[in-house]
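Encoded as structure tokens, the structure appears first; notes follow it.
Protein chains get the first letters and strands the later ones, always in sequence-line order, with residue 1 at the start of each.
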Protein chains: 2
Amino acid sequence: MAYTTQQKLIVSAVIEKSNRPLTPLDICEAAKVEFPLLGIATVYRSLKQFVGEGSVRLVEVPGAPPHYEHVSRPHHHFFLCKQCKQLFDLVGCVRGIDAMAPSGFQVDSHEIVLYGNCPDCLAA
Amino acid sequence: MAYTTQQKLIVSAVIEKSNRPLTPLDICEAAKVEFPLLGIATVYRSLKQFVGEGSVRLVEVPGAPPHYEHVSRPHHHFFLCKQCKQLFDLVGCVRGIDAMAPSGFQVDSHEIVLYGNCPDCLAA
DNA sequence: ATAGATGCAAAGAGTTTGCATAGGT
DNA sequence: ACCTATGCAAACTCTTTGCATCTAT
């Protein structure tokens with residue numbers, strides 16, 4: 001059974017409080033503010049546990065490194081700006097996407113990513 | 001200006017003849033059949049050149065390592081089987097996907113991936 | 001002849017793992 | 001007391017780079 005440690009509590013809190021998906025390094029650096037000795041290996045181990053328990057979701061966006069977010073964030077997809085490499089949330093979802101699979105395939109989930117330029121980069 | 005070498009011709013041919021996206025290692029091993037001395041570094045360097053020239057496309061699917069395919073393959077998306085980790089082509093594309101972006105965002109391209117179980121894995 | 005390409009090995013980035021120690025139960 | 005979690009460093013995977021050599025032009 002998993003223990004409740006200071007490190008995990010802080011890692012969990014960092015993810016839950018964030019309003020955007022974070023990389024393992026983002027999480028480690030944010031958590032180090034409160035727990036300077038925290039090692040990156042502990043962050044990876046905690047993330048693996050949280051994802052397994054279902055409280056944290058892995059966000060994999062082609063063109064960006066792996067990010068993690070709390071599952072309480074609603075189902076959404078992302079826009080990746082090719083210039084500034086920032087991830088933006090998209091609201092809503094396209095219906096009928098799962099129907100793209102040929103018959104015989106069982107679809108559990110889907111991922112959509114839009115690529116382009118964000119308003120700020122377009123202005124520059 | 002880039003030279004035309006045996007290595008690049010073979011790497012290019014391997015990608016063009018394949019009916020599915022390949023990883024750099026897939027490509028290296030296939031090319032070694034005709035050119036045993038070929039090094040993995042040359043494959044990576046060739047891929048970078050081809051992608052820059054626009055003859056090869058990088059296929060990034062969350063949950064799978066980077067794959068490459070020839071641009072002559074039509075625009076399509078993928079189905080990734082969670083069990084056997086194999087990539088399947090999807091035919092067609094959902095209209096109106098680019099409209100998911102908020103106003104002010106310029107959308108250049110998009111990526112869609114479906115996840116689930118393929119017929120073979122469902123049968124097992 | 002010359003500039004670019006190659007193969008090897010070493011270097012990097014990101015992630016995982018082994019092990020002795022610290023810490024939760 | 002016991003068993004798990006931690007921190008560090010080493011190991012691992014994938015990709016890139018430095019360098020001497022080779023090759024296409």
Side-chain angles (χ1 to χ4, degrees), chain A residues 1-15 18 20-69 80 85-87, chain B residues 1-15 18 20-69 80 85-87:
Chain A
M1 193 58 74
Y3 290 163
T4 305
T5 63
Q6 273 302 301
Q7 289 91 327
K8 283 181 189 168
L9 287 174
I10 293 170
V11 166
S12 182
V14 164
I15 299 169
S18 174
R20 64 185 185 88
L22 303 171
T23 65
L25 201 59
D26 287 339
I27 295 165
C28 191
E29 288 175 354
K32 269 186 175 169
V33 174
E34 295 184 39
F35 201 106
L37 283 186
L38 185 72
I40 187 75
T42 298
V43 173
Y44 280 104
R45 282 188 279 231
S46 300
L47 287 172
K48 190 180 253 183
Q49 182 194 325
F50 295 158
V51 170
E53 290 171 356
S55 62
V56 167
R57 180 165 42 222
L58 166 63
V59 176
E60 289 181 286
V61 171
H67 288 67
Y68 294 83
E69 67 179 3
L80 177 63
K85 301 289 177 188
Q86 229 184 305
L87 273 185
Chain B
M1 194 56 77
Y3 291 162
T4 303
T5 62
Q6 273 303 301
Q7 290 90 328
K8 281 181 190 168
L9 287 174
I10 294 171
V11 167
S12 182
V14 165
I15 299 169
S18 174
R20 64 185 185 87
L22 302 171
T23 64
L25 200 58
D26 287 339
I27 296 165
C28 192
E29 288 175 354
K32 270 186 175 169
V33 174
E34 295 185 40
F35 201 108
L37 283 184
L38 185 72
I40 185 75
T42 297
V43 174
Y44 278 104
R45 281 187 281 231
S46 300
L47 287 172
K48 190 180 252 182
Q49 182 195 325
F50 297 157
V51 170
E53 289 171 356
S55 62
V56 168
R57 182 169 37 226
L58 167 64
V59 176
E60 290 181 284
V61 171
H67 288 67
Y68 294 83
E69 67 179 2
L80 177 63
K85 301 288 177 191
Q86 228 183 307
L87 273 184

- Query: Which residues satisfy the salt bridge (charged side-chain N to carboxylate O under 4.0 Å, His left out) test with B:E60, sequence neighbours excluded?
  - Reply: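 By the salt bridge (charged side-chain N to carboxylate O under 4.0 Å, His left out) rule, B:E60 matches no residue at all.
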- Query: At what angle, to 10 degrees, do the two end axes of the helix from C:dA1-D:dT25 to C:dT25-D:dA1 meet, given five pairs define each axis?
  - Reply: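 Taking the rotation axis at each end, their angle is 20°.
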- Query: Of the non-hydrogen atoms in B:P66 and B:P24, which two are nearest, and what is the gap between them?
  - Reply: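 Nearest heavy atoms, B:P66 then B:P24: O-CD, 3.7 Å.
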- Shortest non-hydrogen contact from B:C28 toward B:V43: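 Scanning both residues, the minimum pair turns out to be CB-CG2, 3.8 Å.
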- Any B:Q7 side-chain N or O less than 4.0 Å from OP1/OP2 of C:dG7: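 Yes.
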- Item | Listed partners of A:E34 passing side chain to side chain contact (heavy atoms under 4.5 Å, CB included), at least two apart |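 Scan of A:E34 (side chain to side chain contact (heavy atoms under 4.5 Å, CB included), adjacent residues dropped) gives A:I10.
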- Message: Going by side chain to side chain contact (heavy atoms under 4.5 Å, CB included), name the residues that satisfy it together with B:A2, two or more places apart in sequence or in a different chain.
- Response: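 Partners of B:A2 under the side chain to side chain contact (heavy atoms under 4.5 Å, CB included) test: B:K8, B:Q49.
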- Rounded to the nearest Å, what distance is computed from the CZ atom of residue B:F35 to the C1' atom of nucleotide C:dA5?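 B:F35 atom CZ is separated from C:dA5 atom C1' by 11 Å.
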- Item | B:K8 NZ to C:dG7 C1', straight-line distance once rounded to whole Å |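 B:K8 atom NZ is separated from C:dG7 atom C1' by 14 Å.
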- Query: What does A:L38 touch in the nucleic acid at a heavy-atom separation under 4.0 angstrom: a base, only the sugar-phosphate, or nothing?
  - Reply: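 Touches sugar-phosphate only.
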- Going by heavy atoms closer than 4.0 Å, what residues in residues 24-33 of chain B are next to DNA chain C?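 None, since no heavy atom is under 4.0 Å.
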Which atoms of nucleotides 17-25 of chain D (N or O only) lie under 3.5 Å from a protein N or O atom, and what are those distances?
unit_1 : atom_1 : unit_2 : atom_2 : d
D:dG18 : O6     : B:R45  : NH1    : 3.4

- Message: Measuring from the side chain of A:T42 (C-beta onward, heavy atoms only), which nucleotide among D:dT6, C:dG7, C:dT15 has the closest atom?
- Response: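 Nearest listed nucleotide: D:dT6.
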